[in-house]
There are 2 protein chains.
Amino acid sequence: MGGTGEAGRRGDGARRPVGRRPGESGSRDAILAAARDTFAERGFAGATMRAIAARAGVDPSLIRHFFGSKAALFAAAVAAGSDVASHLRDALTGPRDGIGARVADAYLRLWEDPEVGEALRALIRSGVALGGPAEQLLEAIGASDGAPLPLERVLAGTHLLGVAYARFIAQLPAVAALDHDELVELIAPAIQRYLVPDGASRG
Amino acid sequence: MGGTGEAGRRGDGARRPVGRRPGESGSRDAILAAARDTFAERGFAGATMRAIAARAGVDPSLIRHFFGSKAALFAAAVAAGSDVASHLRDALTGPRDGIGARVADAYLRLWEDPEVGEALRALIRSGVALGGPAEQLLEAIGASDGAPLPLERVLAGTHLLGVAYARFIAQLPAVAALDHDELVELIAPAIQRYLVPDGASRG
DNA sequence: ACATCAATTCGCCAGTTGTGGAGTTTCGTT
DNA sequence: AACGAAACTCCACAACTGGCGAATTGATGT
C-alpha cells in the first residue's frame with residue numbers, strides 16, 4: 001500500500017550535509033518526539049523508522065545510532081508514560097472527601113501533558129499486551145493502598161480509561177470539546193462512588 | 001523485524017494440491033475468521049495477508065481472489081462489529097427502570113459473541129479513526145432517542161468502553177475473570193445514574 | 001461429451017522495511 | 001596540535017509486503 005511518504009518537519013528535500021553539526025542539534029530529542037507522535041498516530045507496526053526519521057529531520061541511521069533498534073526506540077519514546085501509577089498515588093492517598101474529583105483531575109491532567117499523553121496514546125494504539133498503560137492504571141488504582149475493595153477501584157479505572165479513550169484517542173467531539181474542569185465535574189461522582197463504597201461527599 | 005512465520009491452523013507444511021477442491025471447502029469463511037483473529041491480535045498494519053492465509057490454511061492469492069485487497073478484507077472481516085448501535089437500541093428504548101443493567105448486559109453480550117467481539121477488537125486495535133466502534137457506541141448511546149441529556153449518555157458509553165477494553169482487550173485478570181452477570185451487576189448502578197439523571201431504581 | 005465458470009495454487013514483481021557497514025565532520029580532551 | 005569519541009549521512013542488503021498474471025483442477029449446465 002504505497003504511501004506518499006512523510007513530509008519532514010525539518011526535511012525540505014535538500015540534501016543535508018554529512019558529518020557532525022556545530023553546536024547542540026537536539027537531534028536525539030527530536031527523534032524521541034517524532035517517534036512518540038508517529039507511534040501514537042499509527043501504532044508500533046504502522047510507524048516506520050523512515051517516517052520517524054523524516055519527521056525528525058534526520059537520517060534513519062541516526063535512530064539506530066542512538067537507540068539501536070525500533071523496539072528500543074519505542075521503549076525510550078514511551079518511557080514518559082510508563083509510570084502512570086506514581087502520578088496518581090498522591091490523589092489516591094488523600095482524604096476520601098472529594099477523592100473522585102481529585103483522581104479524575106490528576107488522571108486527565110496526565111493525558112494533557114504533551115509528552116505523557118503522546119506516550120500513552122502510543123502505548124494504547126500499539127496494543128502493548130503486558131505492562132501497558134491500561135493495565136498499569138487499572139492495577140495502580142486497584143491495589144493502591146491495600147484497601148478492602150480493589151475490584152471496585154479497578155472499575156473506577158475502567159471508567160477513566162474509557163473517558164481518556166473517547167477524549168484523546170477517538171477524539172469524540174462530545175467529550176473532546178469539553179473543558180477540563182467541566183469533564184472532571186461530570187465524571188467525579190461516578191468515580192467517587194466506586195472509590196468510597198457509601199456514596200457520600202460530592203465531587 | 002523477521003517473524004518466524006505463522007504456523008497455519010490447517011497448514012501442515014505439505015504442499016496443498018492445486019485446483020478446486022471437491023465439496024464445500026468453507027475457505028471463504030475460514031479466511032474471514034482468520035482475518036478477524038489476526039487483525040484483532042496485531043492490528044491492521046501488523047497483520048499480514050500471508051499470516052492470515054496461513055492461519056486459514058489457504059494460499060494468499062485466494063484472499064485476493066475473494067476480497068480484492070487487504071483493506072477490503074478488513075472491511076469484510078469487521079462488518080459484524082459495524083452496527084453496535086442497532087444491537088443496543090432495544091435495551092436503550094425500554095423502560096427507565098433497570099436500564100443500566102439492561103444496557104450493560106446487552107453491550108457486554110455483544111463483545112462475548114465470538115464474531116462480533118473479534119471484529120470489535122480488530123477495529124479498536126487498528127485504531128480506525130472515524131466510524132470506529134468506539135465512536136459508534138458513544139454516539140449511539142448519546143443520541144439514541146433525542147433525550148435531553150446526550151452528554152451524560154455518552155459518558156455512560158465511555159464507562160462501558162473502558163470496561164470492555166479492560167475485559168476483552170487488555171484482559172486484566174480482575175475484570176476478565178468476573179462472571180458476566182457479576183460484572184453487569186457491578187457496573188449497572190453507574191450506568192443507570194448516567195442514563196437517568198435522578199439515581200432511582202437499582203440494578 | 002463438451003464448454004463454461006469458480007476455486008485454488010504457483011511464481012513473480014516492484015516497493016518497503018529494519019538493519020548494518022563505511023565514510024565524513026565536529027566536539028572534547030590532552 | 002593531535003587524537004579519540006561522538007554525531008551524522010550515504011549506500012546496500014536481505015527479508016518481507018501487497019498485488020498480479022497464469023496455470024491447474026474440479027463443478028455445473030447443456
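Sequence lines set the chain letters: A, B, ... in the order given, protein chains first and strands last, and positions in each chain run from 1. Since we're looking at a predicted model, the values are computed, not measured.
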message = Please enumerate all residues that pass salt bridge (charged side-chain N to carboxylate O under 4.0 Å, His left out) together with A:Arg167, with sequence neighbours excluded.
response = A:Glu112
task = For A:Asp59 and C:dA22, give me the distance from atom CG to atom C1', rounded to whole Å.
result = 13 Å
request  = Under the side-chain contact (heavy atoms from CB on, under 4.5 Å) rule, collect the residues that match up with B:Ala106, sequence neighbours excluded.
outcome  = B:Leu88, B:Ala91
query = In whole angstrom, what separates B:Ile63's CD1 from C:dT9's P?
reply = 10 Å
task = Return no unless some side-chain N or O of A:Ser25 is found under 4.0 Å from OP1 or OP2 of D:dC8.
result = yes
key: Whole angstrom value for the distance that separates P of D:dT17 from CD1 of B:Ile52   = 11 Å
message = For B:Thr38 and B:Arg55, which I'm curious about, is there any donor-acceptor pair between the side chains at under 3.5 Å?
response = yes
remark   = Whichever of B:Pro60 and B:Thr48 has the more 5' nearest nucleotide on DNA chain D, that residue is B:Thr48
task = List in chain and number order the residues that pass salt bridge (charged side-chain N to carboxylate O under 4.0 Å, His left out) with A:Asp105, two or more places apart in sequence or in another chain; answer none if no residue qualifies.
result = A:Arg109
Show the distances under 3.5 angstrom between N or O atoms of the protein and N or O atoms of nucleotides 4-6 of chain D.
from	atom 1	to	atom 2	distance (Å)
D:dA6	N3	A:Arg20	NH1	3.4

request  = Measure from CZ on A:Arg16 to C1' on C:dT25 and round the result to the nearest Å.
outcome  = 15 Å
query = What is the distance, rounded to the nearest whole Å, between atom CZ of A:Phe67 and atom C1' of D:dC8?
reply = 14 Å
task = Could you tell me whether B:Tyr107 and B:His159 have their ring centroids closer than 6.0 angstrom?
result = no
task = Ignoring backbone atoms, test whether A:Ser69 places a side-chain nitrogen or oxygen under 4.0 Å from the OP1 or OP2 oxygen of C:dG18.
result = no
key: Minimum-distance nucleotide to A:Arg50 side chain [options: D:dC8, C:dT19, C:dC10]   = C:dT19
query = So what does A:Ala47 touch, heavy atoms closer than 4.0 Å: a base, only the sugar-phosphate, or nothing?
reply = sugar-phosphate
request  = Tell me which of B:Ser61 and A:Gly68 sits closer to the 5' end of DNA chain C, going by the nucleotide each one is nearest to.
outcome  = B:Ser61
request  = Counting heavy atoms from C-beta on, name the nucleotide in C:dT19, C:dA7, C:dC10 closest to the side chain of B:Leu62.
outcome  = C:dA7
query = Quick one: ring pair (Phe, Tyr, Trp, His ring centres under 6.0 Å) partners of B:Phe168, sequence neighbours excluded?
reply = B:Trp111
Donor-acceptor contacts under 3.5 Å from residues 113-124 of chain A side chains, at least two apart:
from	atom 1	to	atom 2	distance (Å)
A:Asp113	OD1	A:Glu115	N	2.9
A:Asp113	OD1	A:Val116	N	2.8
A:Glu118	OE2	A:Arg121	NH1	3.0

key: Spacing of B:Arg28 atom CZ relative to C:dT8 atom C1', expressed in whole Å   = 15 Å
Polar side-chain contact A:Arg64-C:dG18 base: donor and acceptor under 3.5 Å = no
ask   = To the nearest angstrom, how far is A:Met49 atom CE from C:dG20 atom P?
value = 11 Å
message = Without decimals, in angstroms, what is the distance between B:Leu73 CG and D:dC20 C1'?
response = 17 Å
